[in-house]
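So you know, we letter chains A, B, ... as the sequences are listed, proteins then strands, and number each from 1.
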Amino acid sequence: MKIATWNLNSIRAREVRLLDWLSRAAPDVVCLQETKVTEEQFPFDAIKERGYHAAVYGQKTYNGVALLSRDSAEDVTVGFGDEVDDPQARCISALIQGIRFISVYVPNGENVDSEKYVYKQAWLSRLFKYLERVRTSATPLMISGDFNIAPHEDDVANIEQWSGTVLFNPEMTAVMKQLQDSGLHDVFRIHQKGVGLYSWWDYRQLGFPKNQGLRIDHILATPDLAGRTTTATVDRNERKGSKPSDHAPVIAELTWP
DNA sequence: ATGGTTGCTTAGCAA
């Protein structure tokens with residue numbers, strides 16, 4: 001079973017790239033973020049032609065998440081289902097082949113003095129409560145997406161530039177540690193121990209050619225699944241060529257069922 | 001310190 005997570009930075013700007021990549025990479029489940037379209041504008045037909053079901057939580061202009069899958073998705077839910085009235089489409093979940101998949105687009109936060117960072121903190125707090133509710137011992141779980149957090153120094157190319165920012169600071173690395181301590185393992189780091197491995201590179205200042213990136217897109221899995229993963233990679237080819245997203249897909253393979 | 005890029009929308013926000 002091949003799983004991927006990819007922040008597309010607009011599914012309209014990336015539709016051809018996404019479709020070509022689906023044919024070439026042939027993932028079984030794809031967690032998408034920043035689709036930036038309402039459900040009415042989502043390219044359901046083209047994706048169906050490539051052999052995928054799509055569960056979509058859309059929003060105009062900003063955010064937007066989706067789950068693509070070879071097999072049908074059951075029990076689809078969107079948002080956290082909590083008491084907060086939140087218009088931002090950042091979380092979708094479904095049961096696929098007996099696994100609870102969640103695609104998340106964690107708020108960026110802009111800067112640590114911003115109201116957007118307050119929202120990021122609150123959103124993450126709601127995510128923990130959501131995970132407590134949705135997790136059951138019987139169902140393996142995989143939560144993937146753009147977390148907008150680099151978990152470790154080794155996940156940041158330029159520490160001087162990024163230390164203390166919303167993407168890499170003690171409070172945010174503690175969030176990743178708390179997720180891991182709750183039994184959600186960082187699948188990429190099970191298989192890749194090296195440095196200089198990133199999933200996002202700024203469009204500006206030759207970020208990608210200079211490999212000035214951060215590893216902020218993650219696949220986290222409960223132990224039953226994490227232990228069955230066989231590979232984890234970043235598909236750097238998707239950051240190359242004409243009109244790439246600023247994120248590359250992160251891919252994991254596992255023996256399932 | 002500023003600016004550098006992209007997408008959506010059409011001047012300015014978000015990343």
Rounding to an integer number of angstrom, what distance separates [N] and [M] when you compare their [atom1] atoms?
N	M	atom1	answer
B:dT9	B:dA14	P	14 Å
B:dA11	B:dT6	C1'	16 Å
B:dG3	B:dA15	C1'	15 Å

In whole angstroms, the gap separating C1' of B:dG7 from CG of A:Leu8 amounts to 13 Å

A:Trp201 CH2 to B:dT6 P, in whole Å, measures 16 Å

Applying side chain to side chain donor-acceptor pair (under 3.5 Å) to A:Arg50 and not counting sequence neighbours gives A:Ser23

By side chain to side chain donor-acceptor pair (under 3.5 Å), A:Lys210 pairs with (sequence neighbours left out) none

**Phosphate OP1/OP2 of B:dT6 contacted by A:Arg14 side-chain N/O (<4.0 Å)** = no

Applied to residues 4-31 of chain A, the salt bridge (Lys or Arg N to Asp or Glu O under 4.0 Å) test, sequence neighbours excluded, yields A:Arg17-A:Glu238, A:Arg24-A:Glu238

Next item on the list: Determine whether more than 12 heavy atoms belonging to other residues, nucleotides or ligands lie under 6.0 Å from atom CG of A:Asp45.
Entry: no

With sequence neighbours left out, the residues meeting salt bridge (charged side-chain N to carboxylate O under 4.0 Å, His left out) with A:Asp85 are none

Applying ring-ring contact (aromatic ring centres under 6.0 Å, His included) to A:Tyr203 and not counting sequence neighbours gives none

Each nucleotide of nucleotides 8-15 of chain B classed B (base within 4.0 Å of a protein heavy atom), S (only sugar-phosphate) or -, in 5' to 3' order, makes SS---BSB

